[in-house]
Amino acid sequence: MAVIVNGLDLISLADYKTLAGISSSSDDSKLEELIDSVSQLVKTYCGVSFLDYYSADKTEFITKNFNTHLVELTESPVNTVTSVQERTSPTASYTTLTVNTDYVLDATTDCLYRMSGSAYQNWQTGPNAIKVIYRAGYSALPQDLRLAVVDLITYYHKNEQKQRQTIAGATIQNSTTSMRNSPAFPDHIKRVLDMHKVY
């Protein structure tokens, strides 16, 4: 999945500090860096930008190497589709398709179905054969995901990602996920991220 790099942060510094109960400004520079990094980490892991294309158009080019009547858009949830075009070869011009005649959006799966009247038709194959301009995402981050982002920033801010720490002679063993074959996020954070992950 192609996710925008350095797009919108998932939470502001002021909101993070309010939720984390921080009143001092001594760590603001570090927290700004962590907010940028964690925002990108969550976007990359989930395969979705969440906020970047809610009020800005995304132009997505889709390559199909096999015959199919559906394509899945990368951003979710899709809010509006401005235009859908396809071309028959890499040197051909794009032809604009008509909604509900040439294609239909399934908003539950963020898939576009290619139609010919009431029957399915295969999309054109080849490099960048399909061009879609659309908007997707949220006006504000869902509350459960917002909480996971706050917890993840705090996790890195307090260096909790270190497996073993010794403080004043006591050893603290930090546990990360117990789930097999998964990134080392704490379980409570990973559960929320997985609910928003696009597979």
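Leu147 is not connected to Leu13 by any chain of hydrophobic side-chain contacts under 4.5 Å among Ile, Leu, Val, Met, Phe, Trp and Tyr, and they are in different clusters. Hydrophobic clustering of Ile, Leu, Val, Met, Phe, Trp and Tyr side chains at less than 4.5 Å, counting indirect connections, keeps Val78 apart from Leu70.
At least one side-chain heavy atom of Trp123 sits less than 4.5 Å from a side-chain heavy atom of Val71. Within the 4.5 Å cutoff, the side chain of Asn65 has no heavy atoms near those of the Thr125 side chain. For the pair Val81 and Val99, the minimum side-chain heavy-atom distance is 4.5 Å or more. By the 4.5 Å heavy-atom criterion applied to side chains, Lys17 and Asp28 are counted as neighbours. Contact check for Leu112 versus Val132: side-chain heavy atoms found under the 4.5 Å cut-off. Two residues are said to be in side-chain contact when any heavy atoms from C-beta on lie closer than 4.5 Å; Leu73 and Tyr134 meet this criterion.
In this pair, His196 and Tyr138 present their aromatic rings perpendicular. The plane angle is above 60°, beyond the 30 to 60° band.
In this structure, CD on Glu86 lies 7.5 Å from OG1 on Thr95, to the nearest 0.5 angstrom. Between the CG atom of Asp106 and the CG atom of Asp110 there is a distance of 8.0 Å, given to the nearest 0.5 Å.
When all heavy atoms of Ala136 and Ser76 are compared, the closest pair comes out as CB-N, 4.1 Å. Residues Gln124 and Lys64 share a closest heavy-atom pair of O-CB, 3.8 Å.
Residues forming a side-chain contact (heavy atoms from CB on, under 4.5 Å) with Ser37 (at least two apart in sequence, or on another chain): none. Residues passing the side-chain contact (heavy atoms from CB on, under 4.5 Å) test with Asp15, sequence neighbours excluded: Ile11, Ser12, Arg146. Scanning for side-chain hydrogen bond (donor to acceptor under 3.5 Å, both in side chains) contacts around Gln85 gives Thr96, with sequence neighbours left out.
Tyr16 pairs with exactly one of Ile22, Val38, Val149, Leu34 by the side-chain contact (heavy atoms from CB on, under 4.5 Å) rule, that one being Ile22.
Relative to the ring axis of Phe50, Lys43 does not place its NZ or CZ within 45° and under 6.0 Å from the centre. Judged by the 6.0 Å and 45° rule, Lys190 forms no cation-pi pair with Phe185.
Glu60 and Thr74 are linked by a side-chain donor-acceptor pair at a separation below 3.5 angstrom, with hydrogens and angles left out of the test.
Under 4.0 Å is where a charged nitrogen must lie from a carboxylate oxygen, and between Glu75 and Arg135 no such pair does.
By the 4.5 Å side-chain criterion applied to Ile, Leu, Val, Met, Phe, Trp and Tyr, Ile133 is assigned to no cluster and stands alone. Tyr54 belongs to no hydrophobic cluster, as no Ile, Leu, Val, Met, Phe, Trp or Tyr side chain comes under 4.5 Å of its own.
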Legend entry - Trace of the side-chain contact (heavy atoms from CB on, under 4.5 Å) decision for Asn100 with Val104: CA-CA 5 Å; Asn100 296 330; Val104 174; 4.2 Å; yes
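Sorted by first and then second residue, the ring-ring contact (aromatic ring centres under 6.0 Å, His included) pairs with a member in residues 67-92 read His69-Tyr113, His69-Tyr120; sequence neighbours excluded.
Using a distance-only test at 3.5 Å, with no hydrogens or angles considered, a donor-acceptor pair links the side chain of Ser89 to the main chain of Ala92.
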